[in-house]
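Comments concern the structure below.
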There are 2 protein chains.
Amino acid sequence: MQHRTRRAGRTGRPPRLAREAILSAAQRILDEEGAENLSMRRLAKEMSSTPMALYHYVRDKDELLLLLLEEHAAKFPRPELPAEPRARLLAAAQVLHDILVDCPWIVEVLASDDLFAVSAMWIVESILDAAIESGMTPEDAVYAYRVIWYYTAGELTVRFNRERRLAHLDRPPHRDQITGLDPGEFPLITSLGPRWNELTVRDTHRRGLEAVVEGLLAQAT
Amino acid sequence: MQHRTRRAGRTGRPPRLAREAILSAAQRILDEEGAENLSMRRLAKEMSSTPMALYHYVRDKDELLLLLLEEHAAKFPRPELPAEPRARLLAAAQVLHDILVDCPWIVEVLASDDLFAVSAMWIVESILDAAIESGMTPEDAVYAYRVIWYYTAGELTVRFNRERRLAHLDRPPHRDQITGLDPGEFPLITSLGPRWNELTVRDTHRRGLEAVVEGLLAQAT
DNA sequence: ACCTGAACACCGTTCAAGT
DNA sequence: ACCTGAACACCGTTCAAGT
């Protein structure tokens, strides 16, 4: 399928096209079968090819995931950010989350400190810019970006792992967290009882982000 | 080795002892060969046994990792926390990080929202208590704990992945993040140049934690 | 240049059988 | 009760060979 448009050129090869075919096949697996089912072997099968054929287009699995992120970020509509620096800092940090919240597989690629796709670099630039305009030095702006990134990465990791856990809840947890805890030693946790699980499942990303940004700005002045 | 002290009891089995032997063998692998080399098969080999013998003492690999965390947390000295609630909130959150910073393998077990080992539950209890004494409702205290946990989990994930990357830097990164970026589009990032990597490697956990806690407390009043 | 087949060096886990 | 051996159903990646 990938050499459909083979031409008569001197060294015929449509690598760009093949790469795109690989990426959309990978995206199809991601959408239909979930991140945990995307493997080089599964992907090769999806394309009626062999695993090693893929290595002609991507260096390794990590690069494949990075390219998928790149594509996803490029597709994402680039919203207009508020002019006011503090609001812009918050808005840019929110976009960072918005882009990644649809990529449960990035947990696997969360390797880098600075991540990531050039298609998403404009967000980092926006955060730095907004932080500097809020009165920070460039050094502190980088620091602020990193704190925001840690919060975002942590929220996404926990979020995706919870979703994955709920998806196949075949087996009960190793230990029921709350039940069976000694109320004498843990009066607050045990007093919450089932409320704990309920509170723990709420989407508080935005509110937490506001606290983080607020704390960073307070520190800078 | 694990049935060294077999007794004459009615149904002789020293499961507690065997479990401990398994855990210390696992810890030995972790220390000497790193988290990425701990597998059920490697662990069985370390004990001159078969992989399946282990499944008599732990349900699966996840439980093994949880038990290792449990042991590590239990060993950790429990520091005295400040009486002043706001300082206690920060101190408890710092201990959460201190305990986990020596466990690069928790990245694999970062599954739960609320994590984790009962041996470390006193920290969660302390955070909730300090948050409430700082004027939060119990609900907001849980929310505050979660924000702190996200920041901590993110910081640790990025930290460990960077360490792992530096450990075997056999291959260069897929793309040099900064070099090759268009200065017209990303003036701030490119202007930092090599400073970016330098800033990105700094340990800013504590400072960031202070910002996060500060932001949470500001939100609560 | 592009692709294949076989192999290397692994995984976690299940199952049936042994003692 | 505790352990083994073989097997299932996978991984990512290398290598030598094909066209």
Side-chain angles (χ1 to χ4, degrees), chain A residues 1-22 25-26 29 33-68 105 108-109 111 164 168 170-171 174, chain B residues 1-22 25-26 29 33-68 105 108-109 111 164 168 170-171 174:
Chain A
M1 197 207 239
Q2 63 266 36
H3 40 76
R4 189 166 27 94
T5 48
R6 173 69 39 89
R7 283 156 175 273
R10 117 177 4 255
T11 43
R13 25 90 243 224
R16 192 83 197 105
L17 205 102
R19 191 174 247 209
E20 256 158 39
I22 289 172
I29 294 171
E33 297 168 48
E36 66 275 21
N37 283 98
L38 178 63
S39 70
M40 298 304 269
R41 294 176 119 102
R42 174 71 190 83
L43 180 53
K45 204 163 269 170
E46 181 79 9
M47 309 198 69
S48 318
S49 183
T50 57
M52 279 319 295
L54 303 172
Y55 285 84
H56 226 263
Y57 299 96
V58 295
R59 198 178 71 180
D60 52 26
K61 199 190 173 184
D62 267 8
E63 194 186 42
L64 175 74
L65 294 175
L66 219 100
L67 289 168
L68 283 167
W105 44 271
E108 247 187 280
V109 92
R164 194 161 49 85
H168 32 243
D170 11 307
R171 298 277 162 201
H174 299 101
Chain B
M1 194 207 244
Q2 63 266 38
H3 40 76
R4 189 167 25 94
T5 47
R6 173 70 41 86
R7 282 155 176 273
R10 111 179 7 255
T11 43
R13 24 89 247 217
R16 192 82 195 107
L17 204 102
R19 191 174 246 209
E20 258 159 37
I22 289 172
I29 294 171
E33 296 168 47
E36 66 273 22
N37 282 98
L38 178 62
S39 70
M40 298 304 270
R41 295 174 117 104
R42 174 71 191 84
L43 180 53
K45 204 163 270 173
E46 181 79 11
M47 309 197 70
S48 319
S49 181
T50 58
M52 279 320 294
L54 303 172
Y55 285 83
H56 226 264
Y57 299 96
V58 294
R59 200 178 70 180
D60 51 25
K61 199 190 173 183
D62 267 7
E63 194 187 43
L64 174 73
L65 293 175
L66 219 101
L67 289 168
L68 284 167
W105 44 270
E108 248 188 279
V109 92
R164 193 160 50 85
H168 31 244
D170 13 307
R171 297 280 161 199
H174 297 102

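Per chain, numbering begins at 1; letters A, B, ... match sequence-line order.
The separation of D:dA9 from C:dC10, taken at their P atoms, amounts to 23 Å, rounded to a whole angstrom. Spacing between C:dC3 and D:dT14 at atom C1', rounded to whole Å, works out to 15 Å.
Partner assigned to C:dT13 is D:dA7, using Watson-Crick or G-U wobble distances below 3.5 angstrom. Nucleotide C:dG18 forms a pair with D:dC2, judged by Watson-Crick or G-U wobble geometry with both contacts under 3.5 Å.
Listed nucleotides C:dT13, D:dC3, D:dC11 differ in distance to B:H56; the shortest reach to its side chain belongs to D:dC3. For A:R41, counting side-chain heavy atoms from C-beta on, the closest listed nucleotide (D:dT14, C:dC15, D:dG12) is D:dG12. Comparing C:dC11, D:dC3, C:dT4 by their closest approach to the side chain of A:A53 singles out C:dT4. Checking D:dC3, C:dT13, D:dT13 against the side-chain heavy atoms of A:D60 singles out D:dT13 as nearest.
B:L43 places its CG atom 13 Å from the P atom of D:dC3, with the value rounded to the nearest Å. Rounded to whole Å, the distance from NZ on B:K61 to P on C:dT13 is 9 Å. Note: CG (A:L65) to P (D:dC11) measures 14 Å, nearest angstrom. Straight-line distance from the OH atom of B:Y57 to the P atom of D:dA1: 12 Å, rounded to whole Å. Counting to the nearest Å, the C1' atom of D:dC11 and the CG atom of A:L64 are 15 Å from each other. Between the CZ atom of A:R42 and the C1' atom of D:dG12 there is a distance of 17 Å, given to the nearest Å. D:dA9 atom P lies 11 Å from atom NZ of A:K45, rounded to whole Å. Regarding A:M40, its CE atom lies at a distance of 14 Å from the P atom of C:dT4, rounded to whole Å.
The two residues B:Y57 and B:R19 come nearest to each other via the heavy atoms O-NH2, 2.8 Å. B:A44 and B:L54 get closest at one heavy-atom pair: N-CD1, 3.9 Å. Across all non-hydrogen atoms, the minimal contact from A:R41 to A:P51 is CG-CG, 4.0 Å. Nearest heavy-atom pair, B:M47 versus B:A25, reported as atom, atom and distance to 0.1 Å: CG-CB, 3.9 Å.
Considering only side-chain N and O atoms, A:T50 lies nowhere under 4.0 angstrom from the phosphate OP1 or OP2 of C:dC3. Side-chain N/O atoms of B:S49 include none lying less than 4.0 angstrom from OP1 or OP2 on D:dC3. Within the 4.0 Å cut-off from OP1 or OP2 of C:dC3, not a single side-chain nitrogen or oxygen of A:Y55 is found.
Of the two residues contacting DNA chain D, namely A:M52 and A:N37, the nearest-nucleotide position lying further toward the 5' end is that of A:N37.
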Q. Could you go step by step and tell me if A:I22 and A:L67 meet the side-chain contact (heavy atoms from CB on, under 4.5 Å) rule?
A. CA-CA 10 Å; A:I22 289 172; A:L67 289 168; over 6 Å; no
